[in-house]
Amino acid sequence: MLDFEKLAELLFPHIKENPADIEARFPKRELPEGAKVTRFAPSPTGFVHFGGLFPTTVAERLAHQSNGVLYLRIEDTDAKREVPGAAEALIRTLATYGIDFDEGAILGDDGAICDKGAYGPYKQSLRGPIYQTYAKQLVREGKAYPCFTTEAELEELHSIDKKQEIKNTDWQAEAEARRAEMLARREITMDEVESNLRAGNPFVLRILADGDAEKKIKFTDLVKGNIEIPENDEDFVLLKSDGIPTYHFAHAVDDHLMGTTHVIRGEEWLPSLAKHLQLFRYLGFKTPKYMHIAQIMRLDEAGNKKKLSKRDMGANMDDYTRLGYCPEAVCEYVMTLLNSNYEEWRMQNPDKDYKEFPFNIKKMSSSGCLFDFNKLNDVSKNVISKMSADEVAKKVTAWNLTFDADFGGQLAADPEYTQRIFAIGRGGKKPRKDLTTWADAKAYMGFFFDSYFSVEDAYDEKYDRNDIKLTLCKFTKSLDLADDMNTWFDKIKAIGESLGYTSDMKAYKAAPESFKGSVADISMFIRVAVTGKLNSPDMYAVMQILGHERVCQRINSMLETL
Ligand code: GLU
């Protein structure tokens with residue numbers, strides 16, 4: 001029998017505090033009844049994944065909807081995988097998507113990460129002594145023990161773990177070998193500990209697992225519902241040889257001290273849940289509520305559901321920025337995926353901010369949501385169609401200045417002109433849904449700028465060239481931009497009638513063969529000359545913006561080609 005008290009002193013001589021001292025520095029939060037404390041706890045190893053925005057949006061909504069707290073904790077315990085600058089980029093990206101942290105690791109004015117709040121440090125690498133204090137306590141209570149292992153041995157253990165995941169044919173034999181190894185490790189004597197420490201050998205600290213994998217724990221996950229998981233019987237590592245905790249241990253200590261009420265994370269953590277429940281019990285902490293969010297799926301070319309992997313288009317949140325999606329649209333789309341009644345609510349509340357939606361955990365899908373660009377595009381068109389001309393003009397300009405500097409420069413050169421362009425068809429009851437992304441603007445609206453204007457669409461062979469010429473000539477002669485829309489259109493109709501193109505659409509539909517065409521063809525002759533395209537925004541509005549001179553110039557150039 002080990003002398004646990006002595007063992008704890010030998011292993012952690014530098015730790016002088018007790019958990020109680022630490023608890024006193026992290027007092028319970030004073031929050032209104034029902035307030036939820038949630039967090040985003042990324043490892044700074046890369047970009048924000050669409051699948052990461054998901055749980056984070058849930059965390060943000062649940063915290064802020066309940067007058068609680070959302071905080072950010074940087075889980076940088078794996079220095080080898082850390083990517084410099086990733087944490088800063090992550091915070092910036094999330095802010096773009098409406099995720100505002102009340103507390104935690106935030107960006108200071110100088111762009112560097114600093115702490116805000118009373119429960120820090122919020123970077124796990126700076127919390128070493130805190131974890132070690134709890135680790136020492138576990139050793140004192142005989143719930144954890146050291147295992148003197150070299151890095152190479154650890155590597156090997158790790159690869160055994162991997163093999164177990166793969167479930168090779170020798171799985172049973174390997175599991176038994178592992179169990180035997182684990183039991184042998186537990187037999188460590190005080191002499192061995194002392195001689196290893198004297199020799200300066202590193203150790204990892206392992207939990208002394210009391211579970212029986214044959215037995216099941218009943219558990220209620222707020223997303224997955226009632227589940228049963230096998231108890232943990234594995235002496236997993238709590239502290240690595242550098243004194244830095246594993247995810248499991250840091251999760252228990254931090255979420256306890258930081259007062260997290262709801263742990264919202266990806267379902268890939270579900271298999272570790274038994275370890276976490278064991279830890280909370282060993283440490284005497286109240287278990288938080290858990291919400292394990294399903295993976296985001298996508299359809300592959302063959303129509304099969306696949307996990308949206310890091311390499312897939314749409315996985316990296318930076319993709320959306322690059323493609324010109326506005327964050328508001330992405331957030332709206334995320335909400336449609338997160339709560340099954342969101343779209344219904346949106347129909348009833350077309351003008352409300354998505355944050356006014358009463359987010360309901362019970363309306364979340366327990367299985368994987370399907371990511372679909374077409375759906376995102378639909379949502380995006382709607383979102384942009386509701387924006388004011390001023391907002392669209394500013395956002396299109398800003399995006400283009402970054403991603404298409406030439407076009408951006410033109411938009412920025414005359415903001416009033418740009419604003420008038422984007423005011424077309426906007427603001428009414430049925431706004432035009434002409435833009436899906438900011439990147440669409442150039443193809444659709446570029447003709448307003450002479451340097452982007454070109455005749456892209458041709459007149460169909462079936463039209464008499466003379467009719468087109470006459471239409472264009474007569475139109476420029478009669479054009480007066482002071483006309484109101486009806487007068488302007490009446491003139492076009494009259495031109496048509498004079499050439500045998502009816503403006504009576506009913507009569508035309510009933511007997512098209514009785515006419516050369518309709519006023520729609522006449523309008524199209526003019527449209528192609530002025531915009532270069534068969535489809536364009538409202539021509540009256542377009543001409544008001546282009547001005548008399550430019551309209552006539554374009555029509556005359558077209559006439560020269562006919
Ligand atoms: N650092 C973990 C991860 O990035 C956090 C999981 C959690 O939210 O607890 O997956």
Side-chain angles (χ1 to χ4, degrees), residues 36-63 68-83 86-91 93-94 99 101 103-105 113 119 121-127 131 165 219 221-224 229 236-240 244-280 283 285-296 307-310 315-317 338 361 364 368:
K36 297 182 173 65
V37 179
T38 63
R39 83 295 192 277
F40 180 44
S43 306
T45 53
F47 56 79
V48 184
H49 189 279
F50 186 80
L53 182 66
F54 236 59
T56 316
T57 304
V58 178
E60 190 278 336
R61 286 294 67 231
L62 291 183
V69 175
L70 171 71
Y71 70 89
L72 179 81
R73 181 171 69 230
I74 308 269
E75 307 218 320
D76 57 345
T77 54
D78 191 349
K80 279 189 217 125
R81 286 178 56 227
E82 191 163 341
V83 174
E88 290 82 350
L90 222 108
I91 297 173
T93 305
L94 287 170
I99 311 288
F101 294 97
E103 179 184 308
I113 289 187
Y119 295 82
Y122 293 92
K123 238 181 169 191
Q124 288 184 330
S125 58
L126 302 176
R127 297 170 67 83
Y131 305 117
E165 277 166 25
F219 184 78
D221 181 278
L222 296 190
V223 176
K224 298 273 171 200
I229 47 172
F236 61 93
V237 174
L238 301 176
L239 288 182
K240 294 180 269 184
I244 295 292
T246 54
Y247 167 76
H248 312 301
F249 191 46
H251 154 50
V253 171
D254 287 347
D255 281 314
H256 162 71
L257 288 177
M258 296 180 182
T260 309
T261 60
H262 290 64
V263 171
I264 302 161
R265 61 186 181 186
E267 68 181 355
E268 66 274 19
W269 291 110
L270 206 49
S272 312
L273 183 61
K275 293 188 172 109
H276 304 155
L277 296 177
Q278 186 172 53
L279 261 175
F280 274 87
L283 290 160
F285 299 160
K286 182 171 181 260
T287 315
K289 297 214 164 26
Y290 282 94
M291 295 174 63
H292 287 94
I293 312 276
Q295 307 265 15
I296 311 285
K307 200 182 123 190
L308 182 75
S309 87
K310 275 188 181 174
N316 183 344
M317 290 318 293
L338 277 176
I361 298 175
M364 290 178 70

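Read the numbers this way: they start at 1 and go in the same order the structure lists the ligands and their atoms. Quick caveat: nothing in here was measured; it's all calculated off a predicted structure.
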- prompt: Are Phe236 and His276 close enough that their ring centres sit under 6.0 Å apart?
  reply: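 Ring-ring flag for Phe236/His276: false, centres at least 6.0 Å apart.
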Open item on the list: Is the distance between the ring centroids of Tyr290 and Trp269 under 6.0 Å?
Closed with: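 No, the ring centres sit 6.0 Å or more apart.
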Checklist entry - Side chain, backbone, both or neither: which part of Phe40 has a heavy atom under 4.0 Å from ligand 1? => result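 No part of Phe40 is near ligand 1 at this cut-off.
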Checklist entry - Counting from 1, what ligand 1 atoms have a heavy atom of Ser43 closer than 4.0 Å? => result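 So the atoms of ligand 1 that pass are 1 (N), 4 (O).
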Practice prompt. Taking only heavy atoms of Glu75 into account, list the atoms of ligand 1 that are under 4.0 Å away from them.
Written response: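 Matching atoms, with element in brackets: 1 (N), 2 (C), 5 (C).
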Q) Any nitrogen or oxygen of Ala41, main chain or side chain, under 3.5 Å from a nitrogen or oxygen of ligand 1? A)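 Ala41 vs ligand 1: N/O contact under 3.5 Å present.
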Nitrogen or oxygen atoms of Trp269 and ligand 1 under 3.5 Å apart =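 Right, the criterion is met.
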For the pair Phe219 and Leu270, evaluate side-chain contact (heavy atoms from CB on, under 4.5 Å) and give the outcome as yes or no after the intermediate values.
CA-CA 11 Å; Phe219 184 78; Leu270 206 49; over 6 Å; no
Inset, instruction - Look at atom 9 (O) of ligand 1 and say which protein heavy atom is nearest, naming residue and atom and giving the distance to 0.1 Å. - result: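 Result: Tyr247 OH, 2.4 Å.
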### Message
Run the side-chain contact (heavy atoms from CB on, under 4.5 Å) test on Thr38 and His262 for me, step by step, so that the C-alpha distance in whole Å, both residues' side-chain angles and the decisive distance to 0.1 Å come before the verdict.
### Response
CA-CA 5 Å; Thr38 63; His262 290 64; 4.0 Å; yes
inquiry  = Any heavy-atom pair between the side chains of Arg61 and Leu338 that's under 4.5 Å?
reply    =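 A side-chain contact is absent here, since even the closest heavy-atom pair is not under 4.5 Å.
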Is the count of non-hydrogen atoms from other residues, nucleotides or ligands lying under 6.0 Å from Lys289 atom NZ greater than 12?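 Count not over threshold, so no.
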Any heavy atom of Arg39 closer to ligand 1 than 4.0 angstrom?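 Heavy atoms of Arg39 do come under 4.0 Å of ligand 1.
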